[in-house]
Amino acid sequence: MSKAIAVWGKDRVVHFLWQHVLLVISLYVMTLGVALCVRSCLGSSVISSLPMAFSMAGADGLVPALTIGEYTNIMNMILVFAQIAVLRRRFEPVQLFQLLIGFLFGALIDLNMALTSVFDYSSLPVQIAAQAVGCTVMAFGISMEVRCGSVTMPGEGIQVAVSRVTGMPFAKTKIIIDCTLVALAVASGYCFWGRWQWSIIGPGTLFAMFYVGWMVKVFGRHMAWFDRLFGYRPGFRRYVCGLARFLFTTTKGH
């Protein structure tokens, strides 16, 4: 009996590790899409619109000079604290892991902003292509992230929290919160520069609001391969030992 329990426990640990390896991959894909949307200068995605506004204001010396990823981290912290305020005793402590996921999300945004900086986005066709590819990649990453089944992202968590408390359908709550973030980004443009910043909230933002959700549904019908990958149980110990043996042999040979 004790041996069976030990095997079951090991299986859970392996599943947990594999689940979060795939989660990190999905977050990387999502943030690559976010970075491409920002680079397009046609309007960022909803989740990055407010951090982008503050990051641009920081570059002009109007607020602390932080990156988009760092302002995303601050926003995610606020969203988690908002969930605590809304749910109170119904807030599950495990959801505090949203802070870790949110921090990783912000760090990956900055990584992908650096990686995508090597391209020239000055021409309109390239900007349109960057926006379209970015939204598609983001939708693909979201489709994977949803299937990982870990804690929600802070942006999704606040939507779930408000929906639970108010009884509104989740889809309606999502629209309201997305519109609120966009409105705050527009307002920040007027506060910082006295005008609408089309590079932050532009036609690309409106495109992303509709296209990403539609593409998530399209990808969702073709994710059986990911479900099989998610159900795979890799032998981490065997792979790590094999890699260590290979490296040791190679080093010894030299």
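Keep in mind that what you see is a predicted model, and the values were worked out from it rather than measured. Only this structure's heavy atoms are used, side chains among them; waters, hydrogens and symmetry mates stay out.
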Requested in this report: Mind checking ring pair (Phe, Tyr, Trp, His ring centres under 6.0 Å) for Trp198 and listing every partner two or more places apart, or none if nothing turns up?
Outcome: Trp196
Requested in this report: Please report the C-alpha distance between Leu27 and Ile101 in whole Å, then the side-chain angles of each, then the deciding distance to 0.1 Å, and finally whether the side-chain contact (heavy atoms from CB on, under 4.5 Å) criterion is met.
Outcome: CA-CA 9 Å; Leu27 291 179; Ile101 299 300; 3.9 Å; yes
Query raised in the report: For atom CZ of Phe119, is the number of surrounding heavy atoms from other residues, nucleotides or ligands below 6.0 Å larger than 12?
Result: no
Query raised in the report: Closest approach of Thr152 and Gln98, non-hydrogen atoms and distance?
Result: O-CG, 3.0 Å
Query raised in the report: Which pair of heavy atoms, one from Met56 and one from Ser199, lies closest together, and at what distance?
Result: CE-OG, 3.8 Å
Determine all donor-acceptor pairs shorter than 3.5 Å in which one atom belongs to a side chain in residues 201-210; sequence neighbours excluded.
from   : atom 1 : to     : atom 2 : distance (Å)
Thr205 : OG1    : Ser44  : N      : 3.4
Thr205 : OG1    : Ser44  : O      : 2.9
Thr205 : OG1    : Ile200 : O      : 3.3
Thr205 : OG1    : Gly202 : N      : 3.3

Requested in this report: Calculate, to the nearest 0.5 Å, the distance between atoms CD and NZ belonging to Glu156 and Lys174 respectively.
Outcome: 7.0 Å
Report summary line: Paired with Leu87, the side-chain contact (heavy atoms from CB on, under 4.5 Å) test is passed by just one of Gln95, Glu92, Arg164, namely Arg164
Report summary line: Here the pair of heavy atoms bringing Gly134 nearest to Cys37 is C-SG, 3.8 Å
Query raised in the report: Which value, rounded to the nearest 0.5 Å, describes the distance between Met75 atom CE and Leu181 atom CG?
Result: 6.0 Å
Query raised in the report: Can you hop from Phe91 to Val94 via hydrophobic side chains spaced under 4.5 Å?
Result: no
Query raised in the report: Sub-3.5 Å donor-acceptor pair from the side chain of Ser163 to the main-chain atoms of Gln159, do we have one?
Result: no
**Report entry** Shortest non-hydrogen contact between Met215 and Ala139, atoms and distance
**Finding:** CB-CB, 3.5 Å
Query raised in the report: Among the clusters formed by ILVMFWY side chains lying less than 4.5 Å apart, do Val186 and Leu42 turn up in the same one?
Result: no
Query raised in the report: Per the side-chain contact (heavy atoms from CB on, under 4.5 Å) rule, which among Ile128, Leu36, Leu32 passes with Val133?
Result: Leu36
Query - Closest approach of Asn73 to Gly106 (non-hydrogen atoms, all atoms of both residues) - result: OD1-CA, 3.5 Å
Report task. Just say parallel, tilted or perpendicular for the rings of Phe230 and Phe226, cut-offs at 30° and 60°. Result -> parallel
Query - Closest non-hydrogen atom pair between Ser143 and Phe219, with its separation - result: OG-CB, 3.3 Å
**Report entry** Derivation of the side-chain contact (heavy atoms from CB on, under 4.5 Å) call for Gln83 and Val160
**Finding:** CA-CA 9 Å; Gln83 292 175 53; Val160 172; over 6 Å; no
Query raised in the report: Just wondering, are more than 12 heavy atoms of other shown residues or ligands nearer than 6.0 Å to CZ in Phe103?
Result: no
